[in-house]
Enquirer: 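Here you go, one structure.
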Number of protein chains: 2
Amino acid sequence: MDDLTEMLKGTLEGCVLEIIRSEETYGYAITRRLNDLGFTDVVEGTVYAILLRLERNGLVQVTKRPSELGPPRKFYALNDAGREELTKFRTKWEYVSSRIDKLREGGE
Amino acid sequence: MDDLTEMLKGTLEGCVLEIIRSEETYGYAITRRLNDLGFTDVVEGTVYAILLRLERNGLVQVTKRPSELGPPRKFYALNDAGREELTKFRTKWEYVSSRIDKLREGGE
DNA sequence: CGTCCTACTCAGTGATACTATGTAGCAGTA
DNA sequence: TACTGCTACATAGTATCACTGAGTAGGACG
């Protein structure tokens, strides 16, 4: 797939919120999950930047736990503000995608 | 609706391509069309910037025609490169949106 | 020791949409 | 004439976001 960078702006953070919602997890695993999902070009630096932003904005609860495979992991879980932010993201996504689909149908 | 700015990055240009495909038209009318569609915060300056970029990238054919209501209008039509770009946009959109939908279903 | 995978951080860059402002044509009206 | 409002296009500067590239570090395994 071509470069998706621009199209992911504003949505990649939402994807990370979705992943954290489905399971308390950490940056490295989130990156792997996104790659497996098809966002193959997303690298760790990008994900960690998003996670730091989520933390700075008070949307997640962070817990540091040791790992058997390397350095300690920072596990992320959504708090109330995070769940609210995810709801907002979903609403926006529905809004935008329904309109894009409508545009595409129009004037066939 | 909240601020859609970030989510429109990478997609607004595609929307403009869709509109031009459906009908040869001009900047002011494209802005109105986007507003009517639900992208109420999109303003002329944004659309004109996109149109200039499309022109610079050789994706459109431009024809200046007088208007009965004001200054002359610059009408835009897709050329072959523009149609190809639109196809690319649609492919990317399908790719991204299918994966976002999958994420949302996962771990309900 | 060296290599590899895991795991996190950060400074700098590039692309895109937005803000704010300016220019200008034409119509209606007072 | 003067004013207002809608049409129509353009552009310099800003903010945000994802990406690049580099660095730090722990543990396993040869």
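All values below were derived from every heavy atom in this structure, side-chain atoms included, with hydrogens, water molecules and symmetry-related copies excluded. Each chain gets a letter, A, B and so on, in the order the sequences are listed, and its residues count up from 1.
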Enquirer: How do F75(A) and E68(B) order along DNA chain C: which one's closest nucleotide is nearer the 5' end?
Expert: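 Here F75(A) is the residue nearer the 5' end.
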
Enquirer: I'd like to know if E18(A) and K102(B) make a salt bridge, using a cut-off of under 4.0 Å between side-chain N and carboxylate O.
Expert: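 So E18(A) does not pair with K102(B) through a salt bridge.
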
Enquirer: Testing K74(A), R65(A), R73(A) for salt bridge (Lys or Arg N to Asp or Glu O under 4.0 Å) with E24(A), which one passes?
Expert: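 So the option named by the test is R65(A).
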
Enquirer: As a test of reading the structure: which of dC9(D), dC19(D), dT9(C) is closest to the side chain of L52(A), going by heavy atoms?
Expert: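 That would be dT9(C).
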
Enquirer: Specify the separation, in whole Å, of atom NZ of K64(B) and atom P of dG25(C).
Expert: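 These atoms are roughly 12 Å apart.
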
Enquirer: So L51(B), base contact, sugar-phosphate only, or nothing? Heavy-atom distance under 4.0 Å.
Expert: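 The answer is nothing, as L51(B) stays clear of every strand by at least 4.0 Å.
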
Enquirer: Can you name the closest pair of heavy atoms from L59(B) and N79(B) and give their distance?
Expert: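 Distance-wise, the nearest heavy atoms are O-OD1, 3.0 Å.
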
Enquirer: Calculate the interatomic distance between R65(A) atom CZ and dT6(C) atom C1'; express it in whole Å.
Expert: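 Nearest whole value for this atom pair: 17 Å.
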
Enquirer: With sugar-phosphate meaning primed atoms plus P, OP1 and OP2, does E13(A) contact a base, only sugar-phosphate, or nothing at under 4.0 Å between heavy atoms?
Expert: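 Sugar-phosphate contact only - E13(A) comes under 4.0 Å of backbone atoms but never of a base.
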
Enquirer: Is it true that, when you exclude Q61(B) itself, more than 12 heavy atoms of the residues, nucleotides or ligands shown sit nearer than 6.0 Å to its CD?
Expert: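 Result for CD/Q61(B): open.
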
Enquirer: Quick one: D3(B) CG to dT16(D) P, roughly how many Å, whole number?
Expert: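 About 10 Å, once rounded to whole Å.
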
Enquirer: On DNA chain D, check which nucleotide each of E44(B) and L4(A) is closest to and give me the residue with the more 5' one.
Expert: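 The residue closer to the strand's 5' end, by nearest nucleotide, is E44(B).
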
Enquirer: Rounded to whole Å, how long is the line connecting atom CZ of R33(A) with atom C1' of dT6(C)?
Expert: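 Distance check: R33(A) CZ to dT6(C) C1' gives 19 Å.
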
Enquirer: Using whole Å, report how far NZ of K92(A) lies from P of dC17(D).
Expert: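 About 9 Å, once rounded to whole Å.
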
Enquirer: What nucleic acid atoms does T46(A) come within less than 4.0 Å of, heavy atoms only: base, sugar-phosphate, or nothing?
Expert: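 Base, at least one base heavy atom under 4.0 Å.
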
Enquirer: Under 4.0 Å between any heavy atoms, over every strand shown, what does L69(A) touch: base, sugar-phosphate, or nothing? Just pick one.
Expert: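 Here L69(A) touches the bases of the nucleic acid.
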
Enquirer: Answer yes when R33(B) and D36(B) have at least one side-chain N-carboxylate O distance shorter than 4.0 Å, and no when they do not.
Expert: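 Not counted as a salt bridge, because no side-chain N and carboxylate O are separated by less than 4.0 Å.
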
Enquirer: From the set dA25(D), dA10(D), dA24(C), return the single nucleotide nearest to any side-chain atom of P71(A).
Expert: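 That would be dA25(D).
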
Enquirer: Across the strands shown, which category fits G45(B) at heavy-atom distances under 4.0 angstrom: base, sugar-phosphate, nothing?
Expert: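 Base contact - G45(B) has a heavy atom under 4.0 Å of at least one base atom.
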
Enquirer: Please report the distance, rounded to the nearest Å, between CG in L8(A) and P in dT16(C).
Expert: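 Distance, rounded to whole Å: 13 Å.
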
Enquirer: Below 4.0 angstrom from OP1 or OP2 of dT9(C), is there any side-chain N or O of K74(A)?
Expert: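 Yes, K74(A) has a side-chain N/O under 4.0 Å of OP1/OP2 on dT9(C).
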
Enquirer: Is E85(B) salt-bridged to R21(B), cutoff N-O under 4.0 Å?
Expert: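 Between R21(B) and E85(B) there is no salt bridge, as every charged N stays at least 4.0 Å from the carboxylate O atoms.
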
Enquirer: Strictly below 4.0 Å: does Y48(B) bring a side-chain N or O up to OP1 or OP2 of dA10(D)?
Expert: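 False: Y48(B) side-chain N/O out of range (4.0 Å or more) of dA10(D) OP1/OP2.
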
Enquirer: In whole angstrom, what separates M7(B)'s CE from dA17(C)'s C1'?
Expert: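 After rounding, the reported distance stands at 14 Å.
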
Enquirer: What I want to check is whether an N or O donor and acceptor connect the side chain of E6(B) with the base of dC17(D) at under 3.5 Å.
Expert: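 Side chain to base: no pair below 3.5 Å.
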
Enquirer: May I ask you to verify if any side-chain N or O of Y28(B) is less than 4.0 angstrom from the OP1 or OP2 atom of dT7(D)?
Expert: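 For Y28(B), the contact criterion (side-chain N or O under 4.0 Å from OP1 or OP2 of dT7(D)) is met.
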
Enquirer: Please confirm whether any donor atom in the side chain of K9(A) sits under 3.5 Å from an acceptor in the base of dT16(D), or the reverse.
Expert: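 Donor-acceptor pair under 3.5 Å: no.
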
Enquirer: Pick the nucleotide of DNA chain C nearest each of R73(A) and S67(B); which residue has the one closer to the 5' end?
Expert: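 It is R73(A), whose closest nucleotide lies nearer the 5' terminus.
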
Enquirer: Between R53(A) and dA18(D), is there a contact of a side-chain N or O with OP1 or OP2 at under 4.0 Å?
Expert: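 Yes, within the criterion.
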
Enquirer: Quick one: is Y26(A) getting a side-chain N or O under 4.0 Å of the dC8(C) phosphate, OP1 or OP2?
Expert: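 Answer no for this pair, as no side-chain N or O of Y26(A) is under 4.0 Å from OP1 or OP2.
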
Enquirer: Atom OH of Y76(A) and atom P of dC8(C): how far apart are they, to the nearest Å?
Expert: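 Taking OH of Y76(A) and P of dC8(C), I get 7 Å after rounding.
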
